[in-house]
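Below, read A as the first sequence line, B as the second, and so on, with proteins coming before strands; counting in each chain starts at 1. No hydrogens, no waters, no symmetry mates; every other heavy atom, side chains included, goes into these values.
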Number of protein chains: 2
Amino acid sequence: MLIGELSERTGVSRRALRYYEEQGLLVPERACNGYRVYSGDAPLIVAQIQGLYAAGLDSDAIRQYLPCARGRTPDLEMCAELRTHLSGRAAELGTQAETLIRQREAILAHLS
Amino acid sequence: MLIGELSERTGVSRRALRYYEEQGLLVPERACNGYRVYSGDAPLIVAQIQGLYAAGLDSDAIRQYLPCARGRTPDLEMCAELRTHLSGRAAELGTQAETLIRQREAILAHLS
DNA sequence: CTAGAGGGTCACGTTAGCGTGAGGGTCAAT
DNA sequence: ATTGACCCTCACGCTAACGTGACCCTCTAG
């Protein structure tokens, strides 16, 4: 499929899809006229990318993570390292949430 | 105290402290020579600001939140609104963490 | 053959939270 | 009076993930 169709099907802008290619996250084939041609599993990959961005990962982390998540490159060491990475990031988010909850409790105290 | 001392005591750069003033988060008095003069509770406020930045809030949210957190402006409506804001943000962080944990589980599945 | 829909590559604009000089007063001490 | 430690105000630089034209090509339909 071409970039317009992928954009419509995923809700991700054409600009963003080109950006993903720039970052090496989702690199499509090229037709003889230079048009980007995406394979059938592209929408799934785009969804994964969006989820990871939304979770606060940056392009570098996602680039390293994606091939492993797709079952490619069964490099056990890399996958283990990435699991550690994700666990650490999740822990960070947990402490951030705790900070906010504490502040909320502080306000509750002020209100009494 | 002057900006240098506050910077040392908090570990926050002078540039950042001037930025906080720009954003209306921590506005010091001025000596006759134009030097910024911070009050005794400034280090505590700086710590709060840092915590909220670290938790992912932006300057606007912190500006609205700080007076309430310090016990100033006992505006009950505003405080309630801010509690809602913080709860929402904490929930967002929770879902982000869940996303990462799911991805980690997906990798675990690949490894088997 | 001409119009329109869609595709391509630059390349600058945006937001946030500072970093990093440039150029220049202020203050205490020697 | 000169040094050195601080202070001030611009004001440009940086990173990230795109938005938004500008300008040109390609394909299909009437």
First locate atom OG1 of B/Thr95, then atom CD1 of B/Ile101, and finally report the distance between them rounded to the nearest 0.5 Å. 11.0 Å
Earliest and latest nucleotide of DNA chain D, 5' to 3', sitting under 4.0 Å from a non-hydrogen atom of chain B? D/dC6 to D/dA11
CG of B/Asp41 to CD of B/Gln48: how many Å apart, nearest 0.5 Å? 9.5 Å
pair A/Leu93-A/Gln96: side-chain heavy atoms closer than 4.5 Å: yes
Of all residues at least two apart in sequence or in a different chain, which pass the salt bridge (Lys or Arg N to Asp or Glu O under 4.0 Å) check with B/Arg9? B/Glu5
Could you tell me the separation between the CG atom of A/Asp58 and the CZ atom of A/Arg89, rounded to the nearest 0.5 Å? 9.0 Å
Please produce a list of atom pairs where a protein N or O lies less than 3.5 Å from an N or O of nucleotides 13-17 of chain C.
unit_1, atom_1, unit_2, atom_2, d
C/dG17, OP2, B/Tyr19, OH, 3.2
C/dG17, OP2, B/Ser59, OG, 2.6

Taken in chain and number order and not counting sequence neighbours, the residues that satisfy side chain to side chain donor-acceptor pair (under 3.5 Å) with A/Arg15 are none
Sequence neighbours left out, what passes side-chain contact (heavy atoms from CB on, under 4.5 Å) with B/Arg83? Give chain and number order. A/Arg104, A/Ile107, A/Leu108, A/Leu111, B/Ala80
Do B/Glu105 and B/Arg102 sit within salt-bridge range, that is, some charged N less than 4.0 Å from a carboxylate O? no
Members other than B/Leu2 in its cluster, when Ile, Leu, Val, Met, Phe, Trp, Tyr link by side-chain heavy atoms under 4.5 Å? B/Tyr35, B/Val37
Using 4.0 Å as the upper bound for N to carboxylate O, is an ion pair formed by A/Glu21 and A/Arg18? no
Could you check A/Ser39, A/Pro28, A/Pro43 and say which one makes a side chain to side chain contact (heavy atoms under 4.5 Å, CB included) with A/Leu6? A/Pro43
Which residues, if any, of residues 85-103 of chain A bring a heavy atom under 4.0 Å of DNA chain C? none
Going by the ring pair (Phe, Tyr, Trp, His ring centres under 6.0 Å) test, which pairs reach into residues 1-28 of chain A, not counting sequence neighbours? A/Tyr20-A/Tyr53
Pairs of donor and acceptor atoms involving the side chains of residues 60-68 of chain B, under 3.5 Å and at least two apart or interchain, shall be tabulated with distances.
unit_1, atom_1, unit_2, atom_2, d
B/Asp60, OD1, B/Arg63, NH2, 2.5
B/Arg63, NH1, B/Gln23, O, 2.3
B/Tyr65, OH, A/Gln103, OE1, 2.6

N/O to N/O distances under 3.5 Å, protein versus nucleotides 23-25 of chain C:
unit_1, atom_1, unit_2, atom_2, d
C/dG25, N2, B/Tyr35, OH, 3.0

Have a look at the helix from C/dC1-D/dG30 to C/dT30-D/dA1 and give the angle its two end axes make, five pairs each, rounded to 10 degrees. 30°
Give a yes or no on whether the backbone of B/Ile3 and the side-chain of B/Ser7 come within a donor-acceptor separation of less than 3.5 Å. no
Both B/Glu8 and B/Arg36 contact DNA chain D. Taking the nearest nucleotide for each, which residue is further toward the 5' end? B/Glu8
Applied to residues 76-95 of chain A, the ring pair (Phe, Tyr, Trp, His ring centres under 6.0 Å) test, sequence neighbours excluded, yields none
